[in-house]
Amino acid sequence: MIFGRYLRFNLMHVCCAVASLCSRPSYAVIQFKADIKPFSYKISSFSSALRLSIKDEVETVKMPLSVMQQRLVESTTDETVEPITVMLGSTEAQISAMAEKLAIKGKEDDLAVYIRRQIKKSPEIRVLPSARTVAINREAFGFIDHEALADLYAKPQHNLTIDGAGLKGDRAARRKLLHEVSPFLSVAERKAIQVKINKGDDLNVNTDLLPEFARSMVKKFIIYRGPNCFHAALAFQSPLLTSSSQINVKHEVGYHRAMINYDELWRVLNQEFYEVEPEKQPIKFGDMLVLFDVPDAFVQHPDGPADFHWIRHTATYLFEGYTFSKGSKSPNTPYSVRTLEEEWKTWKHFTKNLGVKVFRRSLKAIRPHPPVDQSDWIY
């Protein structure tokens with residue numbers, strides 16, 4: 001799979017660090033040192049630095065049968081490969097409804113019996129206490145309509161096309177676009193964009209403007225448990241950020257090595273990014289949107305810095321209200337281009353006080369590897 005070469009890149013840089021850290025004490029997470037800026041609790045006031053003429057064709061992205069089969073087989077021997085799972089309520093009515101929805105004709109009762117048996121062994125889900133996650137084994141997979149299962153985890157993908165003729169005739173817009181995307185693309189990629197614009201050809205965002213990792217992964221499902229929205233947001237900036245042994249330090253049992261924890265995310269934000277206020281200035285291509293569940297006490301009396309424990313999700317801003325992200329650490333979610341409104345609506349459902357902060361990479365101070373902060377890291 002395409003994701004594999006990024007994972008191999010991760011492992012090559014991380015394994016030596018893991019070996020050298022085994023006997024070291026646990027590290028402390030730094031607090032954000034920049035000027036404290038307020039949370040934003042609404043996105044209606046956000047504006048985009050780029051104003052472009054965009055065509056949006058919405059595609060429904062579904063998990064391929066080959067990925068389902070790979071998860072079904074490899075999850076039995078590799079703990080980082082997540083089994084096929086179904087999340088549902090535990091009442092009899094909900095079990096019957098799910099069996100009716102997923103089963104091939106004549107196998108509804110068989111699937112319902114399997115689900116009942118598995119639900120008894122399934123723990124509560126923290127964010128949805130009334131729901132349960134049921135793993136599907138080979139027996140149950142034989143009862144299931146594979147298209148129906150693919151529909152269960154289907155997600156919208158926004159395939160965006162930018163009007164090339166408009167850019168050709170608008171020098172200011174053309175220069176602004178190239179200026180914003182240039183830190184994320186190679187010289188050859190930037191030249192190819194310029195050639196298209198000079199011809200008046202449209203730009204396909206998926207293939208022309210997304211950086212290498214996002215371009216390779218957009219619309220794809222993987223098989224591993226662990227690679228998450230934090231990893232996707234950092235890899236959008238540069239694969240070096242996710243592969244560095246100074247950032248991706250911890251290895252969580254049962255999860256793929258590529259997973260980034262929220263304390264690891266918080267540290268790289270502190271070292272490589274600065275915070276911007278979206279109500280006061282437009283947000284740009286590559287800005288990282290970090291969504292938090294802010295405690296009531298902090299909402300009422302905002303005093304001090306944000307706590308990384310409150311982080312729930314990250315997405316990368318593109319332009320005109322569109323983002324790139326991965327929905328979760330589960331392989332049930334693909335990498336996709338979404339709208340900011342879709343991101344907000346999804347996480348509003350899972351949080352009480354949804355707040356967002358926007359971080360921009362300090363491009364003037366980019367280093368090949370993150371710095372060593374001896375005051376509060378592991379050295």
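Keep in mind it's a predicted model, so treat the numbers as computed, not measured.
- Aromatic rings of Phe359 and Tyr274 (six-membered ring for Trp) have centroids beyond the 6.0 Å cut-off, not under it.
- The neighbour count for Gln69 CD, taken as heavy atoms of other residues, nucleotides or ligands under 6.0 Å away, is above 12.
- Sorted by first and then second residue, the pairs that involve residues 318-330 and meet salt bridge (Lys or Arg N to Asp or Glu O under 4.0 Å), not counting sequence neighbours, are Arg51-Glu320.
- Note that the CG atom of Leu234 and the CG atom of Leu269 stand 7.0 Å from one another [nearest 0.5 Å].
- His309 and Asp307 are linked by a side-chain donor-acceptor pair at a separation below 3.5 angstrom, with hydrogens and angles left out of the test.
- Under the 3.5 Å distance criterion, with hydrogens and angles disregarded, no donor-acceptor pair is assigned to the side chains of Gln157 and Thr60.
- Linking ILVMFWY residues whenever their side-chain heavy atoms come closer than 4.5 Å, directly or via other members, leaves Val73 and Phe143 in distinct clusters.
- Taking the six-membered ring where the residue is Trp, the centroids of His146 and Phe141 are separated by under 6.0 Å.
- Ring-centre distance between Phe213 and Tyr335: below the 6.0 Å cut-off.
- Open room surrounds NZ on Lys191; 12 or fewer heavy atoms of other groups in view lie less than 6.0 Å from it.
- Note: Glu100 CD to Leu111 CG = 9.5 Å, rounded to the nearest 0.5 Å.
- The structure places CE of Met288 at 12.5 Å from CD of Glu275, a figure rounded to the nearest 0.5 Å.
- The two atoms that bring Tyr262 and Ile311 nearest to each other are CD2-O, 4.1 Å, heavy atoms only.
- The side chain to side chain contact (heavy atoms under 4.5 Å, CB included) test applied to Asn198 returns Gln194, not counting sequence neighbours.
- A salt bridge links Glu92 and Arg116; the closest N-O separation between the charged side-chain nitrogens and carboxylate oxygens is under 4.0 Å.
- Under the 3.5 Å distance criterion, with hydrogens and angles disregarded, a donor-acceptor pair is assigned to the side chains of Asp56 and Tyr322.
- Here side-chain hydrogen bond (donor to acceptor under 3.5 Å, both in side chains) pairs that include residues 163-181, with residues two or more places apart or in two chains, number zero.
- The existence of a salt bridge linking Lys62 and Asp151 is confirmed by a sub-4.0 Å separation between a basic side-chain nitrogen and an acidic carboxylate oxygen.
- Separating the OG1 atom in Thr242 from the NE2 atom in His231 is a distance of 4.0 Å, to the nearest 0.5 Å.
- Of the possible polar contacts, one joining the Asp293 side chain to the Lys352 backbone as a donor-acceptor pair under 3.5 Å is found.
- Counting all heavy atoms, side chain and backbone alike, Val67 lies closest to Ile223 at CG1-CG2, 4.0 Å.
- One finds no salt bridge joining Arg360 and Glu272 here, because no Lys/Arg side-chain nitrogen approaches an Asp/Glu carboxylate oxygen to under 4.0 Å.
- Side-chain N/O atoms of Arg361 and Ser238 include no donor and acceptor closer than 3.5 Å.
- A donor and an acceptor atom, one from each side chain of Asn353 and Asp296, are located under 3.5 Å apart.
- Counting only residues at least two apart or on different chains, no ring-ring contact (aromatic ring centres under 6.0 Å, His included) pair has a member in residues 85-108.
- Side-chain contact of Ser330 with Glu82: a donor-acceptor pair under 3.5 Å is present, judged by distance alone.
- For an aromatic pair to be called close, the ring centres must be under 6.0 Å apart, and Phe298 with Trp310 satisfies this.
- Using a 4.0 Å cut-off between a side-chain N of Lys or Arg and a carboxylate O of Asp or Glu, Lys107 and Asp110 qualify as a salt bridge.
- A donor-acceptor contact closer than 3.5 angstrom links the side chains of Thr85 and Asn332.
- Looking at residues two or more places apart in sequence or on another chain, you find a side chain to side chain contact (heavy atoms under 4.5 Å, CB included) between Val195 and Lys199.
- Aromatic ring orientation, Phe285 versus Phe236: tilted (interplanar angle from 30° to 60°).
- A salt bridge links Glu57 with Lys55: the distance from a Lys NZ or Arg NE/NH1/NH2 to an Asp or Glu carboxylate oxygen falls below 4.0 Å.
- The distance from the OG1 atom of Thr316 to the CZ atom of Phe184 is 8.0 Å, given to the nearest 0.5 Å.
- Donor-acceptor pairing under 3.5 Å is recorded for the side chains of Thr333 and Ser328.
- Separating the CG atom in Asp78 from the CZ atom in Arg225 is a distance of 9.5 Å, to the nearest 0.5 Å.
- Checked by atom type, the side-chain pair His158/Glu59 shows no donor-acceptor distance below 3.5 Å.
- Not counting sequence neighbours, Asp109 has no partner by the side-chain hydrogen bond (donor to acceptor under 3.5 Å, both in side chains) test.
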Exercise. Just do the side-chain contact (heavy atoms from CB on, under 4.5 Å) check on Lys219 and Ser336 with the steps written out, would you?
Key: CA-CA 5 Å; Lys219 302 199 289 185; Ser336 61; over 6 Å; no

